[in-house]
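Numbers restart at 1 for each chain; the letters A, B, ... are given by sequence-line order, proteins then strands.
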Amino acid sequence: MDEKYFAKKVERKWQAKWAESRVFEAEIDDERPKFYQLEMLPYPSGNLHMGHVRNYSAGDVVAWFKRLKGFNVLHPIGWDSFGQPAEDAAIKRGVNPREWTEENIVSMRGQMERIGLSFDWRRQMAAHRPEYYKFDQWFFLKMYEMGLAYKKTTQVNWCEHDQATLSNEQASGGLCWRCGNAVTKKSLEQWFLKTTNYADELIDGLNEIEEGWAPAVVKRQRDWIGRSKGAYVDFKVKVSRASGAMTADAVTITVFTTRIDTIYGANAIVVAAEHPVIERFLDELPPVVAGKVSEIRAEKLKPTDREAEIEKDGIDTGLKAVNPFSGEELPVWVGNYVMMEYGTGAVMSVPAHDERDFEFAKKFGLPVRKVIESVESKEATDSRDPQDSIDLKDPVDSKDPIDSAMTDYGVMINSGDWSGKTTEDGKREMADFAAANGFGKTAVTYRLRDWGISRQRFWGSPIPIIYCEKCGTVPEKFENLPVRLPENAPLTGTGESPLAKVPEFYETTCPRCDGPAHRETDTMDTFVDSSWYFFRYTDPNNASMPFDLETASYWTPVDQYIGGDDHAVMHLIYTRFWAKVMRDIGLVKFDEPVKRLLTQGMVVGETFFDDSTGKRIYYPADKVEVERDAKGKIVEARSNDGKHLKYGIERMSKSKGNGVDPDEMVEIYGADAARLFIMFAAPIEHELVWNEAGIEGAVRFLQRVWRMVYKWKDAISAVSSGSAETNGHGPAGDSGRALRRKTHQTIKRVSDSLESLQFNTPVAALMELANAIGDIDVEDSSARFAVKEALTGLILMLTPFAPHIAEELYGVVIGSDEGMLAKGARFPDYSEELAKADEIEIPVQVNGKLRSRIFAPPGAANEVMEQMAFADEKITELVSGKDVVKVVVVPGRLVNIVVRG
RNA sequence: GCUGGGGUGGCGGAAUUGGUAGACGCCCAGGACUUAAAAUCCUGUGCCCUUAGGGGCGUACGGGUUCGAUUCCCGUCCCCAGUACCA
C-alpha cells in the first residue's frame with residue numbers, strides 16, 4: 001500500500017482479510033468476559049437503507065470497542081424474512097416468494113459486507129427457512145400445552161389497505177404499523193397468545209432494566225400494559241316493568257372504578273353498547289333506545305380518526321341500578337364513551353370528579369354532586385364557621401355549580417359515614433367494606449390484551465394445529481415439525497388464507513385418531529419470529545431444540561440491543577413476553593432478555609413532490625432548485641423546468657423513492673467515511689436529516705490521518721515501546737509533553753463516551769487529537785515518543801468508527817499486516833497523571849463577569865490563586881478604589897471578586 | 001386535551017456536581033502553493049459598537065434564587081414524540 005489513500009482498495013483488502021481470518025467468529029471462551037451486541041434484524045427487502053447503516057454502524061462501534069477492551073464479543077445478524085413484502089412481490093411480479101427472499105438476502109449481505117460490518121456470519125438465521133420456523137411451531141405447541149395459546153372469535157383489527165389482520169400493538173393509535181392507514185374492525189376467529197398472563201411481570205420487570213433502557217420506551221411499555229388498581233362494585237338492576245319472570249335481583253351490573261371514594265357522587269351507571277345487560281333487556285327497551293344502541297355499535301366499527309374528538313353520545317335505557325353504598329337508585333345509560341374491552345364495560349358516572357362523566361352529564365343535563373374537596377379548600381372551610389359547611393345530610397345537587405371536574409385527591413364530603421376520610425383511606429376501606437358485604441372487591445385491570453397471532457397470509461410460519469371431525473382441535477406432534485409451507489399457493493392478497501386453497505397442504509390425518517382431518521390454514525404473525533431470534537444465534541444449527549440451555553446461558557441475556565423506537569411496544573413487548581415463557585419452559589434462567597436498549601433516531605431526507613405527476617424526488621438532485629431561509633429551512637422549491645414543488649421531510653426508504661443508496665455512498669466516499677460521518681453527524685438518539693455536505697468532512701479527516709501516519713512513519717519507527725524518557729521525550733512544558741496530555745485526555749474522553757453510548761462526541765475528540773498531532777513539527781525529535789503514542793492511540797480509537805483504514809494504518813505503524821485482533825491489540829488505557837495539565841488557565845471574574853485569566857499550577861492553594869488574581873494588571877485596575885466585599889475561589893476553576901462602589 | 005422530551009451561531013451539534021457558552025465538523029470569507037484548477041496548508045468566522053485597546057449584548061420569553069444560571073425554581077410561548085374517552 002502506498003502513501004495515497006484509496007478507500008476502496010483498503011476496504012476490499014481488509015474485508016477479505018477479516019473473512020479469511022474469521023476474526024469476528026465468536027466461540028464460547030470462559031477466559032474472557034462475554035459481550036452480546038445485538039441490532040434489530042432487518043427485513044430482507046433487497047436494499048439496505050441509511051437507517052440500517054446507522055443502526056448497524058452503531059452496533060459495530062460497540063462490538064469493536066468491546067473486542068478491543070478484551071471482551072469475547074458475539075455480534076450476529078439475521079433476517080426477519082417472513083412477511084408481506086415477499087407476498088406482494090409474488091403477486092405483483094409473479095416471483096416465488098422464497099426465491100425472491102433468498103436473492104434479497106444475498107444482495108443485502110453483500111451490502112453489509114461492503115460496509116465492513118463485523119458480523120459472525122456463520123450464525124445468520126432467516127425466519128422463512130424451515131429449520132427456523134420449525135421452532136416457532138415448537139414454541140406454539142409448548143404454549144398450547146401450557147394453556148397460553150388459545151382460539152377465540154373477536155373483533156380484530158383489520159387493515160383494509162394491506163388486507164391483513166393486526167395485533168393491538170400493530171394497530172396502536174388506530175393506524176396500521178406498516179402502511180399507516182386507519183384500521184377497522186372485523187370479526188374473526190383467531191389464535192391468541194396469553195400475554196396478559198404476564199402483565200404484572202411485564203410491568204414490574206421494567207424496574208429491573210429501566211436503567212439501561214431508553215426512558216421513552218419504558219414509559220410507553222408501562223402505558224401500554226396500563227395497569228390500574230381499583231375495585232369492582234356490583235349495582236343491582238331494578239326493572240320497572242314487572243314483565244315475565246325477571247326479578248329485580250336477578251341482574252347486577254359490575255362496574256370497575258379506580259375511585260370508589262367518589263361513589264356517593266355517582267349520578268348514573270353508563271354501560272357500553274355491547275354490554276350483556278343491554279343484550280338481556282334489548283327486547284323490552286323502547287325502540288328509540290335500541291336504535292341508539294345499534295347506532296353506537298356501528299359507529300365503533302368505523303376507522304377512528306385520530307384528530308377528531310368524538311362527541312359523547314348516549315341514551316337513558318330506563319333501567320335503574322342501586323348504589324350499594326347509598327341505596328340511591330341511579331338511571332342506567334348506554335354511552336359511546338364506555339368500552340366493552342376495558343374493565344367490565346360499565347362505569348359509574350361521577351361527573352364532579354371525572355372529566356368524561358362531567359362532559360356527559362353536561363350534555364344530557366344530569367345532576368352533578370361534589371363528594372371530594374381539595375385539602376386546601378377543606379382547610380379553608382374548617383377554619384370558617386362550621387355552619388357554612390355543606391350540610392352532609394342533605395346534599396343538594398349542583399348547589400355550587402362547577403365548570404370542570406375536580407379529579408385530584410382530597411377529602412370526602414357528602415358521603416354518608418365516610419365523609420371526612422381522605423381519598424386514600426376511602427379507596428382502601430370502601431373496597432374492603434364492599435368485599436365484606438358481598439357487593440364488590442379490590443381489582444386490578446390492564447390495558448394490555450392477548451396477542452392475536454393468526455394471519456390470513458401465506459408467507460409466515462404455519463400454525464401447527466389440526467382440526468379433526470372426531471377429536472376436534474388437535475396439536476400437531478412435535479416429531480412432525482416443521483409443518484412446511486407448500487411451494488405453490490395461489491397468492492391474491494385479498495385477505496383469505498392462501499393455504500386454504502392448497503388441499504395438499506390442509507388435507508391431513510388426525511395425529512390422535514388417524515381419521516381425516518384438516519390443518520389450520522392461517523400462519524403466524526411475523527413478530528413471532530423476531531421474538532426469539534437472538535437466542536437462536538447462540539446455537540444456530542440445533543435441530544432438536546430452539547437452542548441449548550447451556551450454550552444460550554453463556555451468551556444471553558443481550559448486553560446491548562440497538563434499534564428503532566418504532567418497536568417500543570411491538571417487538572420489545574413480545575420478546576420480553578417470550579423470554580418469560582422460555583423461562584417457564586426451562587430454556588433460559590433469567591427474566592429479562594435485554595439488559596440495555598439503545599433506540600436510535602430515524603434517518604430522514606428532504607423529499608420533493610411533483611404535484612402534477614405525484615412523483616417524489618429526493619434532494620440533492622439536479623432536478624430540484626431550492627431556496628432556503630436563514631435557518632436553512634426550505635422556503636421554495638422548483639424543478640429545473642421552473643415548476644413549483646411541494647416538499648417535506650420523511651423517512652428515507654427505497655420504497656418511497658427518496659432513499660440514498662448506501663452502495664453509492666460507499667462507492668463515492670468509502671465505507672469508513674460513510675460510517676464515521678453517520679456516527680458524527682448527530683447524537684444517535686436524534687433524528688438525522690441526511691445531508692451529504694458533511695460527509696466530505698469525514699473524508700478529509702481520514703485522509704489527514706492517513707497522511708499524518710505516513711509523514712511520521714520513519715521518524716517514529718525507531719521509537720521502541722520503552723519508557724518515555726529513554727525515547728527522547730523532552731523536558732516538561734515542551735510540545736511532546738503537551739501532546740501526551742492531549743492523548744491521555746482523549747483516551748479518557750473517548751472511553752467514557754463509548755461506555756455511555758455516545759458516538760458523536762468521541763469522533764470530535766479524535767479530530768482534536770489529530771489536530772494536536774498536526775501541530776507538531778516532524779523535525780522535533782523530542783516529541784517522537786509522544787507522537788508515536790498519540791498516533792497509535794488515535795488509530796486504535798478510530799477502529800470502531802472506521803475499521804478498515806484503522807487496520808491498515810495500524811499495520812503501517814507496527815509493521816505487520818496481520819490485523820489488530822490477531823496481534824492482540826487493545827484499546828489504549830489512560831493515565832490520570834499524564835492527562836493532568838501542569839498549568840491551568842483560571843478565569844478571573846469581577847462581579848461575575850469574566851475580566852481576565854491567570855495561569856496557576858493544578859492544585860494551587862486558594863490563597864495563591866487569590867493573590868495571583870489581585871496581582872493581575874487588569875484586575876488591579878478594575879478593583880482599585882472599590883470595596884472588595886467578597887472573593888470566591890473555586891479550586892482549579894475560577895476566581896470571582898465581588899466589589900462595591 | 002393528557003403524558004413525556006426539548007428550545008444554544010447560517011447549519012449539525014459541544015459544554016463534570018451551577019463555575020471561561022459555542023468544542024468538533026459543515027457552510028462562508030481571506031491568504032499561501034499552482035500556468036490554472038482540484039487537493040492541501042494557514043487565518044478569520046455568535047451578534048452589535050469601536051481606528052485601536054476595548055466595551056456591550058447573548059443559550060425561546062418574563063421573573064426568581066446565587067458571588068456566579070444553558071444548568072436550579074416559578075410563569076408564559078413554541079416545537080417534537082407518544083396517546084385517544086382505559087373509568
*Asks:* Counting just side-chain N and O atoms, does A:His686 come under 4.0 Å of either OP1 or OP2 of B:G13?
*Replies:*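 Checking B:G13 against A:His686, a side-chain N or O does come within under 4.0 Å of OP1 or OP2.
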*Asks:* Between A:Arg749 and A:Glu768, does any NZ, NE, NH1 or NH2 come within less than 4.0 Å of an OD or OE carboxylate oxygen?
*Replies:* yes
*Asks:* If we take the P atom in both B:G31 and B:A23, what is their distance in whole Å?
*Replies:*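 Each nucleotide's P atom is 24 Å from the other's.
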*Asks:* Is A:Asp313 paired with A:Lys292 through a side-chain N to carboxylate O contact shorter than 4.0 Å?
*Replies:*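 Here A:Lys292 pairs with A:Asp313 in a salt bridge, since their nearest N and O are under 4.0 Å apart.
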*Asks:* Let me see the working for A:Phe325 and A:Phe439 under ring pair (Phe, Tyr, Trp, His ring centres under 6.0 Å), right down to the final yes or no.
*Replies:* CA-CA 9 Å; A:Phe325 276 87; A:Phe439 56 80; 5.4 Å; yes
*Asks:* On a plain distance test, is the side chain of A:Gln845 in donor-acceptor contact with the base of B:U20 below 3.5 Å?
*Replies:* no
*Asks:* Please state whether the phosphate of B:G82, meaning OP1 or OP2, lies under 4.0 angstrom from any side-chain nitrogen or oxygen of A:Ser172.
*Replies:*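 It does not, given that no N or O in the side chain of A:Ser172 lies less than 4.0 Å from OP1 or OP2 of B:G82.
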*Asks:* For A:Lys362 and B:C85, what is the distance between atoms NZ and P respectively, to the nearest whole Å?
*Replies:* 19 Å
*Asks:* When you check the phosphate oxygens OP1 and OP2 of B:A14, does a side-chain N or O of A:Asn760 lie under 4.0 Å from one of them?
*Replies:* yes
*Asks:* OP1, OP2 of B:G4 versus side-chain N and O of A:Lys219: anything below 4.0 Å?
*Replies:*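 Looking at the OP1 and OP2 atoms of B:G4, neither is under 4.0 Å from any side-chain N or O of A:Lys219.
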*Asks:* According to a strict under-4.0 Å criterion, is A:Arg851 in side-chain N/O contact with OP1 or OP2 of B:G55?
*Replies:* yes
*Asks:* Examine B:C41: is either OP1 or OP2 under 4.0 Å from a nitrogen or oxygen in the side chain of A:Arg707? Give yes or no.
*Replies:*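 So the side chain of A:Arg707 is within the cut-off, an N or O lying under 4.0 Å from OP1 or OP2 of B:C41.
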*Asks:* Does the distance from a Lys or Arg side-chain N to an Asp or Glu carboxylate O, for A:Lys300 and A:Glu295, drop under 4.0 Å?
*Replies:* no
*Asks:* Would you say A:Arg700 reaches B:C26's phosphate, i.e. side-chain N/O to OP1/OP2 under 4.0 Å?
*Replies:*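 Yes, A:Arg700 has a side-chain N/O under 4.0 Å of OP1/OP2 on B:C26.
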